[in-house]
Amino acid sequence: MLNFFTEIFSFPFMVRALVVGVLVSVCAALLGVSLVLKRYSMIGDGLSHVGFGALAIASAVNAAPLAVAIPVVVVAAFLLLRISENGKIKGDAAIALISTSAMAIGVVVVSQASGTNTDINNYLFGSILSLKDGDVVLSAALSAVVLTLFALFYNQLFAVTFDESFARATGLRAGAYNALLALLTALTIVLGMRMMGALLISSLVIFPSLTAMRLCKRFLTVTIGAGVIAVSCFFTGLTVSFAAETPTGATVVLVNGALFLVFSLISLLKRRLGKTSEHFHKPSV
Amino acid sequence: MVICRNASFAYDGGAVVSSLNFTVESGDYLCIVGENGSGKSTLVKGILGLMSPFGGEVELCGLSLCEIGYLPQQTAAQKDFPAGVFEVVLSGRLGGRGLKPLFSRADKAEAEGNMRRLGIEHLKRRCYRELSGGQQQLVLLARALCATRKLLLLDEPAAGLDPVITQEMYAHIEKVNRETGITVIMVSHDIRSAVKYARHILHLKNTQMFFGETPDYVRSAVGAAFLGASGDAEHGEG
């Protein structure tokens, strides 16, 4: 067993994948708790599609991919947030409009520029094993920013997530914290796209927090639980994909899905058992 | 403490409620009554500063926005929210404390004190979504108390509660008003409890139908009609 792990991580590309993957997974999971509870899950999905369009354009004009993608996705994040908050068009429909348009632009640009679809494949499904040292440094720096801001404003983010109108009424600048959430999500999505691909990155945002919510009951435990779940799932997915020679991003998503099912089952059983034992031991309150 | 001078509020240019002229004194207990869609919740948003008046003005005297305790109507998402009771109550302390990342001992003591005042300190370690509707409302009231020493704004605090719990809720609010001198402004369509507890009544029907002391309201034509109508409705339902 130990031999297996030392063998896997003797490859530098695996170590890079592990470092970047763990950092991005944790960021995505923490932000995911707020996004899922605020019913903003689709924003993450929409942003990844916008990111795809931006990366395609960047590669077509030979610009640095992240230098183009980060500002574009950040702008899109504020736009999607604004639409979700006070849209005339229903929020989810508007997000679908924007994300599919961005996707279509990306596909057209890539097909015109290169004539092949290998790049498309990398952008759509990720290429975690081809990360460079520069990607590791950038991921570490951006994750540090995301994690620090999240920790500093944890209480405010909880208040804005739990009850935005109360937060506003008591003088909290809810708009600013929503914008912070959108900014951090945009950074995380762009980072994660390189490894998971545009189609799969939003799973890292959504799965860990939903899985944690099956069993954890407090915001703090859900948040920590989501982080732990994200890291374990990523690690498991990475090693399994290496051993079974399956695509890494998709394997990580499948591990997340499996864990979600297991946690749902446990929570269902607990509720069943809890109900019968309450029935026998406790008078109803 | 709150003064409305000919204030009106509108969504997208269409006035929802207009010609509001009333004053709420410190320590007062005001009930805002009226049918659904009469502009009650809109007025609450106006007092909270979440909406600016379309015309006229709303003045808060000796009161900044982070000194109002607010009990909003619950949203569907909240009922299923994974949060600890103490996490929720403590979040009421955030408004006035700037950007400090951690809660102080004083914040925690304040939160515990307010839970004790409402008799829910035993719920401190519980999970919010597993509480009954009445317990959830008390938790939110404790949170609102954490945010203020001066003014409580309550939007239908008894919505969806059974009659016994509803009376308990009103008794708690009355006690807070009496013992701490915190001004209470409450939106309610439970007119009978409103005239039982409130010192002043503001009756809205997209404009101000009545503002004055409760006994005068009961004797007024508007009040008598509304009390009679809701009485009939209760008999009809029963």
Side-chain angles (χ1 to χ4, degrees), chain A residues 32-41 86 88 148-177 180 209-226 263 267 270-271 274-275 278 284-285, chain B residues 12 41 44-45 47-51 63-78 80-88 90-103 107 125-132 134-135 139-140 143-144 146-148 151-153 155:
Chain A
V33 175
S34 268
L35 292 173
V36 166
L37 287 169
K38 282 174 87 70
R39 308 290 193 260
Y40 283 173
S41 315
N86 56 358
K88 300 261 169 193
T148 311
L149 287 173
F150 186 88
L152 280 178
F153 295 114
Y154 166 81
N155 286 315
Q156 281 85 350
L157 286 174
F158 166 73
V160 172
T161 307
F162 179 70
D163 191 341
E164 195 168 319
S165 41
F166 178 84
R168 268 180 211 280
T170 48
L172 223 57
R173 294 176 56 209
Y177 292 109
L180 176 69
S209 57
L210 276 181
T211 305
M213 277 174 219
R214 297 306 104 192
L215 293 185
C216 303
K217 297 174 172 179
R218 260 165 266 279
F219 194 72
L220 186 65
T221 49
V222 168
T223 306
I224 295 170
F263 272 48
S267 123
K270 265 180 84 177
R271 223 176 297 158
K275 257 187 193 155
E278 213 170 77
S284 63
V285 183
Chain B
D12 296 331
S41 295
V44 167
K45 283 188 194 149
I47 297 174
L48 287 169
L50 300 182
M51 224 175 136
L63 195 67
S64 79
L65 262 187
C66 27
E67 292 178 302
I68 302 181
Y70 177 41
L71 178 64
Q73 295 191 33
Q74 279 206 61
T75 59
Q78 259 170 32
D80 196 31
F81 196 100
V85 165
F86 200 55
E87 288 180 316
V88 173
L90 255 184
S91 72
R93 298 288 300 165
L94 276 172
R97 53 198 295 291
L99 295 175
K100 283 173 283 177
L102 293 173
F103 287 110
D107 290 325
R125 308 248 159 254
R126 292 280 299 278
C127 167
Y128 178 79
R129 67 180 169 193
E130 288 170 356
L131 302 180
S132 69
Q135 289 172 328
V139 169
L140 296 185
R143 176 185 66 167
C146 282
T148 189
L151 174 62
L152 268 183
L153 261 174
D155 196 349

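Values reported hereafter were calculated over all heavy atoms of this structure, with side chains retained and with hydrogens, waters and symmetry mates removed. Letters go in sequence order (proteins before strands), and every chain restarts at 1.
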Please round to the nearest 0.5 Å and tell me the distance separating atom CG of B/D155 and atom CZ of A/F166. 13.5 Å

Whatever's closer than 4.5 Å to a heavy atom in chain B on A/F162 counts as both

Considering only heavy atoms and a distance below 4.5 Å, find which of B/E130, B/R143, B/R129 pairs most often with chain A. B/R143

Quick one: salt bridge (charged side-chain N to carboxylate O under 4.0 Å, His left out) partners of A/R214, sequence neighbours excluded? none

For the OG1 atom of A/T170 and the CZ atom of B/R93, what is their distance to the nearest 0.5 Å? 11.5 Å

Out of B/S91, B/S132, B/A83, which one racks up the most heavy-atom pairs below 4.5 Å with chain A? B/A83

Assert top hit (heavy-atom pairs under 4.5 Å, partner chain B, pool A/V33, A/L172, A/D163) equals A/D163

Less than 4.5 Å to any heavy atom of chain B: does that hold for the side chain of A/R39, its backbone, both, or neither? side chain

Show me the side-chain donor-acceptor pairs of residues 218-226 of chain A shorter than 3.5 Å, one per line, residues at least two apart or across chains.
from	atom 1	to	atom 2	distance (Å)
A/R218	NH1	B/R125	O	3.0
A/R218	NH2	B/R125	O	3.1
A/T221	OG1	A/R218	N	3.2
A/T221	OG1	A/R218	O	2.9
A/T223	OG1	A/F219	O	2.7

Side chain proximity check, A/T161 to B/F81, heavy atoms < 4.5 angstrom: yes

For B/P101 and A/L152 the tightest heavy-atom approach is CB-O, 3.5 Å

Quick one: closest heavy-atom pair of B/L50 and A/S165, and the distance? CD1-O, 4.3 Å

Proximity breakdown for B/Y128 and chain A, heavy-atom pairs closer than 4.5 Å: side chain

For the interface with chain A, which of B/V88, B/L90, B/T75, B/L102 has the highest count of heavy-atom pairs at distances below 4.5 Å? B/V88

Under 4.5 Å from any heavy atom of chain B - which part of A/Y154: side chain

